[in-house]
There are 2 protein chains.
Amino acid sequence: MTRRNDRPSIESVAAAAGVSPTTVSHALSGKRAVSAATRKRVMEAVEQQNYRPNMVARGLRSRRTQSVALLLVDIANPYYPALARAIHDVLAGEGYVSFIGNTDGDAATERRLLEEMVARGVDGVVMQPMALSAAQVREVVGPAMPLVITTDEYGDIPADSVLTDDTRGLGEAVDHLVRQGIRELGFVDGAPGTSTDAFRLQAFRAAVTAAGIEVPDRWIEHSPFDREGGAAATARLLAGPDRPRAVLCANDLIAIGAVQAAHAAGLRVPEDVAIVGFDDIETAALVSPRLTTVVNPAAAVGDACARTILWRVENGPDVPRKRTVLPTRLVVRQSA
Amino acid sequence: MTRRNDRPSIESVAAAAGVSPTTVSHALSGKRAVSAATRKRVMEAVEQQNYRPNMVARGLRSRRTQSVALLLVDIANPYYPALARAIHDVLAGEGYVSFIGNTDGDAATERRLLEEMVARGVDGVVMQPMALSAAQVREVVGPAMPLVITTDEYGDIPADSVLTDDTRGLGEAVDHLVRQGIRELGFVDGAPGTSTDAFRLQAFRAAVTAAGIEVPDRWIEHSPFDREGGAAATARLLAGPDRPRAVLCANDLIAIGAVQAAHAAGLRVPEDVAIVGFDDIETAALVSPRLTTVVNPAAAVGDACARTILWRVENGPDVPRKRTVLPTRLVVRQSA
DNA sequence: AACCGGACGCAAAACGTTTTGTATCCGCAA
DNA sequence: TTGCGGATACAAAACGTTTTGCGTCCGGTT
């Protein structure tokens with residue numbers, strides 16, 4: 001009596017090939033030598049029964065699940081899909097499979113999702129922590145878990161990281177504006193308390209300082225990372241009697257809102273106020289005026305994350321930490 | 001000597017609580033009665049050791065992994081993130097975790113990813129098959145696997161399904177055009193051979209027939225589901241001496257390309273040629289002219305997929321199949 | 001007093017692999 | 001001839017749970 005609705009097991013393959021399960025395992029994994037003739041018989045049995053090893057059993061015994069967790073703030077945010085896609089592609093190429101989770105930048109959710117992933121025995125975690133510090137993340141995943149994070153922090157980060165050099169692209173943007181004689185710059189940052197935002201604002205400050213420009217605090221606004229927020233924040237920025245001649249934004253959605261706010265205020269873009277975005281999501285090239293923006297190389301970031309996690313899985317926790325920083329650059333279109 | 005770097009096991013919890021592992025399991029799962037006093041001791045031990053059950057061991061024994069696979073064509077396509085997000089949200093609320101995979105609409109990839117997921121013991125699969133038929137998908141996942149698919153087929157589908165009533169929204173679009181006296185309609189369909197495309201074209205034909213309109217074959221074009229393809233296909237459509245007065249598109253990216261092609265041909269939108277999209281991705285409301293389009297309720301689809309898969313997991317393979325069809329509707333903006 | 005059934009807890013098997021220790025065989029060198 | 005080492009294969013343990021079959025205890029009924 002065969003078990004109903006069941007996939008072939010290593011045992012059934014072994015029986016068909018006239019060998020022990022051990023030998024099948026070795027024939028498939030190559031961990032120990034198996035004679036060519038035996039291997040051939042095994043492979044035929046595998047083929048004929050269409051055997052695929054049960055990965056959960058394998059995972060239990062070998063402590064490798066061939067899976068990694070991808071924990072993003074919000075997959076629906078237009079920046080992430082390209083990143084997720086790139087990660088998925090290189091992982092899939094190596095036989096890994098991806099879990100995905102949306103944290104919403106909430107500490108409790110970040111923690112819960114991390115625990116859920118650890119409990120499932122993922123081989124590694126790629127995460128964009130917002131509420132938790134890298135150290136806190138490290139604590140919940142344990143000291144040996146391969147971990148790459150995409151947000152920067154001061155000091156030593158107990159994980160591998162892949163980052164973007166936001167200051168560089170923002171510097172190009174500031175230069176671009178200055179060359180047009182524009183020195184009155186505003187900035188609409190993301191919501192405070194998130195970690196990206198602090199660093200993007202900091203990058204702006206660095207870029208601006210490098211250009212020898214002073215930006216008054218009243219020209220720095222905060223907004224959620226979406227269009228509505230960007231419109232509202234920009235409206236505030238433009239309401240005062242001395243308004244900036246250009247506003248740089250922490251992401252493209254905010255920038256698109258900024259353009260709308262400028263239009264609503266009867267201002268022309270870029271003639272009256274120049275707007276520059278950040279990320280270069282697909283929409284940026286499609287809105288009107290087409291958005292001048294700093295390109296954040298999402299696919300390259302994803303690619304680097306995936307390669308880094310695989311490298312760490314391969315090499316274990318003791319090899320020194322890797323920190324990858326990818327350049328950003330300005331793409332000039334119409335809005336500035 | 002404790003094992004190095006190891007999480008607490010059910011055994012260590014049992015020891016701390018002074019009971020057997022069996023009792024801990026029952027205390028946690030509630031499968032058998034445990035006295036209040038014992039349960040309390042167990043819970044305290046769990047708390048104190050911060051015990052989380054190893055899901056891969058649990059999965060091996062119980063054959064439930066609390067995970068589902070989400071197999072989409074391409075997460076980077078702007079329509080999918082909202083869908084993925086909705087699915088993720090309801091699943092996460094029930095303690096499930098999501099695998100994600102991009103099939104690219106390729107038969108071999110669809111098959112490989114499905115097998116990979118099955119091997120990992122997912123509790124269910126939500127998939128948008130493009131190259132494989134539902135029957136083929138069913139065959140690789142086995143007869144008992146909960147399966148919901150989001151593409152329609154003729155005849156009986158061996159899976160639960162959640163679909164959109166594309167004909168309805170397209171009908172609204174046709175009516176909208178007819179009311180403006182426009183009866184010369186073109187259609188830019190997706191790439192032939194994919195399953196969505198066939199059904200969207202069919203929906204267009206149904207809508208058009210219902211309105212008593214005849215559409216000549218030369219006004220029907222095919223294109224990949226992206227902007228470049230849409231522009232090229234529309235250029236072909238508008239090149240002839242008798243061009244349609246309106247072109248409906250199989251998705252918004254194609255429609256955005258169509259607008260560009262119209263502009264490139266020196267035509268005004270919508271005065272010379274009206275353009276209507278499909279999906280209502282976020283970009284649709286941001287391009288210029290703002291796109292009139294059929295809204296495809298991605299979040300609602302995702303929500304329904306997730307609820308359906310959970311329902312099926314709950315109820316087993318024997319309860320009758322469920323088929324959910326969600327309405328689509330026209331949103332009128334500027335392009336038509 | 002004997003019986004019964006429910007509540008409670010434990011031991012052992014099972015899930016499907018990988019891993020490790022060991023046995024056998026064979027050829028070749030001493 | 002003996003001894004030895006490599007090649008090959010197998011048996012058994014292990015991974016960390018859930019599940020199942022029993023046993024014991026207890027209170028209430030006959």
Side-chain angles (χ1 to χ4, degrees), chain A residues 2-43 45-46 49-67 118-123 142, chain B residues 1-42 45-46 49-67 118-123 142:
Chain A
T2 68
R3 281 158 293 162
R4 80 164 183 68
N5 182 30
D6 245 352
R7 314 180 60 215
S9 69
I10 200 173
E11 195 157 351
S12 66
V13 170
V19 298
S20 74
T22 307
T23 302
V24 174
S25 177
H26 287 143
L28 290 175
S29 72
K31 293 231 172 196
R32 281 200 189 172
V34 164
S35 70
T38 304
R39 188 198 330 280
K40 179 155 172 290
R41 281 207 323 267
V42 168
M43 291 309 185
V46 163
Q49 301 192 13
N50 193 27
Y51 169 71
R52 305 263 171 256
N54 178 325
M55 296 300 280
V56 2
R58 167 180 295 183
L60 175 59
R61 176 63 235 232
S62 69
R63 296 165 159 292
R64 300 285 240 77
T65 53
Q66 302 270 106
S67 67
V118 172
R120 280 172 173 83
V122 294
D123 294 338
Chain B
M1 189 85 166
T2 68
R3 281 157 296 163
R4 78 166 184 68
N5 180 28
D6 245 355
R7 316 180 60 213
S9 69
I10 200 172
E11 196 157 350
S12 66
V13 170
V19 298
S20 73
T22 307
T23 303
V24 174
S25 178
H26 287 143
L28 290 175
S29 71
K31 292 229 171 196
R32 280 199 190 172
V34 164
S35 72
T38 304
R39 186 194 335 276
K40 179 155 171 292
R41 282 207 320 272
V42 169
V46 164
Q49 303 193 10
N50 192 30
Y51 168 71
R52 307 261 172 256
N54 177 324
M55 296 300 279
V56 1
R58 168 181 294 185
L60 176 57
R61 177 62 235 230
S62 69
R63 295 161 161 292
R64 300 284 241 80
T65 53
Q66 302 272 106
S67 68
V118 171
R120 279 169 174 86
V122 295
D123 294 339

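We name chains A, B, ... by the order of the sequence lines, and we start the count at 1 in each one.
When rounded to the nearest whole Å, the span between CZ of B/Arg63 and P of D/dT20 equals 13 Å. Rounded to an integer number of Å, the gap from CZ of B/Arg7 to P of D/dG16 is 10 Å. In this entry the distance linking CD of A/Glu11 with P of C/dT17 reads 9 Å, nearest Å. In this structure, A/Met55 places its CE atom 15 Å from C1' of D/dC15, rounding to the nearest Å. One atom, CZ of B/Arg58, and another, P of C/dG16, lie 18 Å apart when rounded to the nearest Å. Here the C1' atom of nucleotide D/dC15 and the CG atom of A/Asn54 are 13 Å apart, to the nearest Å. To the nearest angstrom, C1' of C/dC8 lies 12 Å from CZ of B/Arg39. Taking atom CD of B/Gln66 as the reference point, atom C1' of D/dG16 lies 17 Å away to the nearest angstrom.
Residues B/Ser9 and B/Ser12 come closest through the heavy atom pair O-OG, 2.8 Å. In plain terms, the two heavy atoms of A/Val122 and A/Thr65 that are nearest each other are CA-OG1, 3.6 Å. Nearest approach of A/Ser20 to A/Ala14, heavy atoms of both residues: C-CB, 3.6 Å. The two residues A/Ala119 and B/Pro53 come nearest to each other via the heavy atoms CB-O, 3.7 Å. A pairwise comparison of heavy atoms in A/Arg41 and A/Gly18 identifies NH2-O, 4.2 Å as the closest pair.
Closest to the A/Leu60 side chain, of the nucleotides C/dG16, C/dT19, C/dC10, is C/dG16. The side chain of A/Ile10 lies closest to C/dT18 when the candidates are D/dA11, D/dT19, C/dT18. Distances from the side chain of A/Ser35 to the nucleotides C/dA11, D/dT8, D/dA11 place D/dT8 closest. Among C/dG9, D/dT19, D/dT17, the nucleotide with an atom closest to any side-chain atom of B/Ala57 is D/dT17. With C/dT19, D/dG21, D/dT17 as the candidates, the nucleotide lying closest to the side chain of B/Arg32 is D/dG21. Here the nucleotide nearest the side chain of B/Arg61, chosen from D/dT19, C/dC8, D/dA14, is D/dT19.
Residue-level contact check: B/Thr38 touches the backbone only, with heavy atoms under 4.0 Å from sugar-phosphate atoms and none from bases. Across all strands, A/Ser62 comes closer than 4.0 Å only to sugar-phosphate atoms, never to a base (heavy-atom distances). Contacts of B/Val56 with the nucleic acid, taken as non-hydrogen atoms under 4.0 Å apart, are absent.
Between A/Lys31 and C/dT19 there is a side-chain N or O to OP1 or OP2 distance below 4.0 Å. Note on A/Tyr51: every side-chain N or O is 4.0 Å or more away from OP1 and OP2 of C/dG16. At C/dT17, none of the side-chain N or O atoms of A/Ser25 fall inside 4.0 Å of OP1 or OP2 (strictly under the cut-off).
Side-chain N/O atoms of A/Thr22 and base N/O atoms of D/dA9 include no donor-acceptor pair closer than 3.5 Å.
Judged purely by distance below 3.5 Å, without hydrogens or angles, the side chains of A/Ser25 and A/Thr22 never pair a donor atom with an acceptor atom.
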